[in-house]
Amino acid sequence: VQLQASGGGLVQAGGSLRLSCVVSGSINNFGAMGWYRQAPGKQRDMVAIIRYSGITNYADSVKGRFTISRDNVQNTVYLQMNSLKFEDTAVYYCRAMGRSDYWGQGTLVTVSS
């Protein structure tokens, strides 16, 4: 299984980006899909998770600004990020969670203040 993340880039504070994560295989094979991020010198933290049931969970720092969604036909998970802040700057990783866990390669999001 491979996860290909894309959509990162440089954006001004207050702007928006949409990240995509394409899974090579059926996304329905996993109980949950998630987005994580790692800022320089910090640990990797959960940003958002969407479960097979459609239930979502968000880190407190992104609630109301980020939205995770999934397209079961395209085997893709999205992260819509609005009202971006400087502190959202990080490498964002997608993760597929099931009997085994898989990680994408990461996509860099840089928010200029």
Side-chain angles (χ1 to χ4, degrees):
V1 176
Q2 293 184 332
L3 282 66
Q4 183 68 43
S6 62
L10 174 64
V11 63
Q12 288 187 332
S16 298
L17 283 175
R18 188 177 80 155
L19 305 184
S20 300
C21 176
V22 180
V23 180
S24 66
S26 176
I27 200 173
N28 293 319
N29 289 336
F30 299 98
M33 299 292 300
W35 285 98
Y36 291 70
R37 67 186 181 188
Q38 187 167 20
K42 295 188 177 181
Q43 66 181 21
R44 188 175 299 185
D45 291 326
M46 185 274 289
V47 175
I49 291 176
I50 183 166
R51 306 185 188 282
Y52 180 84
S53 62
I55 294 174
T56 57
N57 295 94
Y58 296 92
D60 288 342
S61 59
V62 306
K63 283 181 181 177
R65 300 188 297 122
F66 290 11
T67 303
I68 188 171
S69 61
R70 58 192 290 164
D71 184 329
N72 294 335
V73 175
Q74 297 296 325
N75 293 313
T76 302
V77 180
Y78 301 99
L79 185 68
Q80 178 66 43
M81 306 186 295
N82 298 328
S83 302
L84 282 161
K85 303 177 181 179
F86 176 76
E87 50 264 41
D88 294 320
T89 295
V91 177
Y92 284 71
Y93 299 89
C94 58
R95 179 186 182 190
M97 293 164 272
R99 283 181 289 181
S100 297
D101 277 10
Y102 299 90
W103 290 88
Q105 85 287 5
T107 184
L108 177 63
V109 173
T110 303
V111 184
S112 62
S113 58

Problem set entry | Shortest non-hydrogen contact from Ser83 toward Arg65 | O-NH1, 2.9 Å
Exercise. Are Phe66 and Trp35 close enough, and set up right, to give a side-chain contact (heavy atoms from CB on, under 4.5 Å), and what steps lead you there?
Worked result: CA-CA 11 Å; Phe66 290 11; Trp35 285 98; over 6 Å; no
Exercise. Does Lys85 pair with Asp88 as a salt bridge, N-O distance under 4.0 Å?
Worked result: no
For this session: Would you confirm whether Gln105, through its side chain, and Ala5, through its main-chain N or O, come within 3.5 Å as a donor-acceptor pair?
Result: yes
Exercise. Has the side chain of Thr76 got a donor or acceptor atom that lies under 3.5 Å from a matching backbone atom of Val22?
Worked result: no
Exercise. side-chain contact (heavy atoms from CB on, under 4.5 Å) between Arg37 and Ser61: does it pass, once the steps are laid out?
Worked result: CA-CA 12 Å; Arg37 67 186 181 188; Ser61 59; 3.3 Å; yes
Seminar exercise, completed: Looking only at heavy atoms, the pair that brings Ala39 and Thr89 closest together is CB-O, 3.7 Å
Problem set entry | Tyr102, OH atom: more than 12 neighbouring heavy atoms under 6.0 Å | yes
For this session: Might you confirm whether atom CD of Glu87 has over 12 heavy atoms from other residues, nucleotides or ligands at distances under 6.0 Å?
Result: yes
Exercise. Honestly curious: do Tyr36 and Val109 fall in one hydrophobic cluster under the side-chain, below-4.5 Å linking rule?
Worked result: no
Exercise. Roughly how far, to the nearest 0.5 Å, is the CZ atom of Arg18 from the CE atom of Met81?
Worked result: 11.5 Å
Exercise. Short question: side chain of Asn75, backbone of Gly25 - any donor-acceptor pair under 3.5 Å?
Worked result: yes
Problem set entry | Distance, nearest 0.5 Å, that separates SG of Cys94 from OH of Tyr78 | 12.5 Å
Problem set entry | Cluster link Leu79 to Ile27, ILVMFWY, side chain under 4.5 Å | yes
For this session: Answer with yes or no whether the hydrophobic clustering places Ile50 together with Tyr93; edges join I, L, V, M, F, W, Y residues whose side-chain heavy atoms lie under 4.5 Å apart.
Result: no
Exercise. So if you build clusters from Ile, Leu, Val, Met, Phe, Trp, Tyr with side-chain heavy-atom gaps below 4.5 Å, do Val62 and Met33 land together?
Worked result: yes
Exercise. Under 3.5 Å, is there a donor-acceptor pair between the Asn29 and Arg99 side chains?
Worked result: no
Exercise. Mind checking whether Met97 and Ile49 have side chains closer than 4.5 Å, heavy atoms only?
Worked result: yes
Exercise. Would a distance-only check, ignoring hydrogens and angles, find a side-chain to backbone donor-acceptor pair under 3.5 Å from Tyr58 to Ile68?
Worked result: yes
Problem set entry | Minimal non-hydrogen separation, Gln80 against Asn82, with atom names | NE2-OD1, 2.9 Å
Problem set entry | Heavy-atom side-chain proximity of Phe30 to Val1 below 4.5 angstrom | yes
Exercise. If you group Ile, Leu, Val, Met, Phe, Trp and Tyr by side-chain heavy-atom gaps below 4.5 Å, do Val77 and Leu108 land in one group?
Worked result: no
For this session: Give, for atom CG of Leu19 and atom CG of Leu17, the distance between the pair rounded to the nearest 0.5 Å.
Result: 6.5 Å
For this session: Could you give me the CA-CA distance, side-chain angles and deciding distance for Arg70 and Asn28, then say whether side-chain contact (heavy atoms from CB on, under 4.5 Å) is met?
Result: CA-CA 10 Å; Arg70 58 192 290 164; Asn28 293 319; 3.9 Å; yes
For this session: Using the side-chain contact (heavy atoms from CB on, under 4.5 Å) rule, take Asn57 and Arg51 through it: C-alpha gap first, then chi angles, then the decisive distance, then the call.
Result: CA-CA 9 Å; Asn57 295 94; Arg51 306 185 188 282; 3.2 Å; yes
